[in-house]
Structures are given as C-alpha cells and as structure tokens.
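Have a look at the structure below before the remarks.
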Amino acid sequence: MITVGFVCIGLLAVTGTLCLIRIIRGPTTLDRTVATDVFVAATAGAIGIEAAIGRHTTTLPIIVTLALVGFLGSVSIARFAARDDGPSERTDRDREGRT
C-alpha cells in the first residue's frame, strides 16, 4: 500500500509540475484555467492518497471544498471568457438606437 501511494504521489507531482508550467506559459486564459483546474484536482487526489495511507477521514471536507472551488472557478472563468457571437435582441436594439 505504501509503495502504491508513493508511486501515485510521484505521478501527481509530475502532473502538478506540468500544470504549473502550463499556468505560467499558457497562451490563453482558458489554457491557464484548465491547467488550474487539473492542478486543483491533482492536489485533491494527493490529499486523498494521504488520507488513504494514513487511514483517516478528517481530510474529506477539505477534498470536497477543493473540488467545489475548482469547479466553480473554472465555470465562472469560462462563463466570462465565452464570447456571444450569435445575434441577440440586445444587439438588434443597440443597432436601431433603442434602449
């Protein structure tokens, strides 16, 4: 069990390092957002592995909180970054000069 835990922690460390590189060098905001989401997931996985090795459940609220914050952060950034390319009533009203 300990050996599997150390292998998993090593793989998560590599994942975290690659995510940090993408966060620093990412060409777009969405690339950085996805890298941040994966980094948060890897962190939650590492905490889960530590809980499994230590045989305790006290870190479960931390894992749930990390997953929730990562998800909400990614969705909110994607929501603000998404462009509205389709025609809408608002743009039609703006073209006609009405409010």
- Query: After noting the C-alpha distance and the side-chain angles of R32 and R25, does the key distance pass the side-chain contact (heavy atoms from CB on, under 4.5 Å) rule?
  - Reply: CA-CA 8 Å; R32 290 185 171 111; R25 297 183 61 193; over 6 Å; no
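- The distance from atom CD of E50 to atom CD1 of I62, rounded to the nearest 0.5 Å, is 9.0 Å.
- Heavy atoms only, all atoms of each residue included: V40 and G70 are closest at CG1-CA, 4.1 Å.
- Residues S74 and R79 fail the side-chain proximity criterion, which asks for heavy atoms closer than 4.5 Å.
- For T57, there are no side-chain hydrogen bond (donor to acceptor under 3.5 Å, both in side chains) partners at least two apart in sequence or on another chain.
- Panel note: side chain T28, backbone D31; a donor-acceptor pair is recorded below 3.5 Å.
- In this structure T3 satisfies the side-chain hydrogen bond (donor to acceptor under 3.5 Å, both in side chains) test with no other residue, sequence neighbours excluded.
- Hydrophobic cluster membership of L72, counting Ile, Leu, Val, Met, Phe, Trp and Tyr whose side-chain heavy atoms lie under 4.5 Å apart directly or via other members: L68, F71, V75.
- Residues I49 and L12 are in side-chain contact: their nearest non-hydrogen atoms beyond the backbone lie under 4.5 Å apart.
- No single ILVMFWY cluster, assembled from side-chain heavy atoms under 4.5 Å apart, contains both I9 and I47.
- A distance of 6.5 Å separates CD1 of I23 from CZ of F39, quoted to the nearest 0.5 Å.
- Residues V38 and C19 approach most closely at CG1-SG, 3.4 Å, considering heavy atoms.
- The distance from the CG atom of L20 to the OG1 atom of T15 is 11.0 Å, given to the nearest 0.5 Å.
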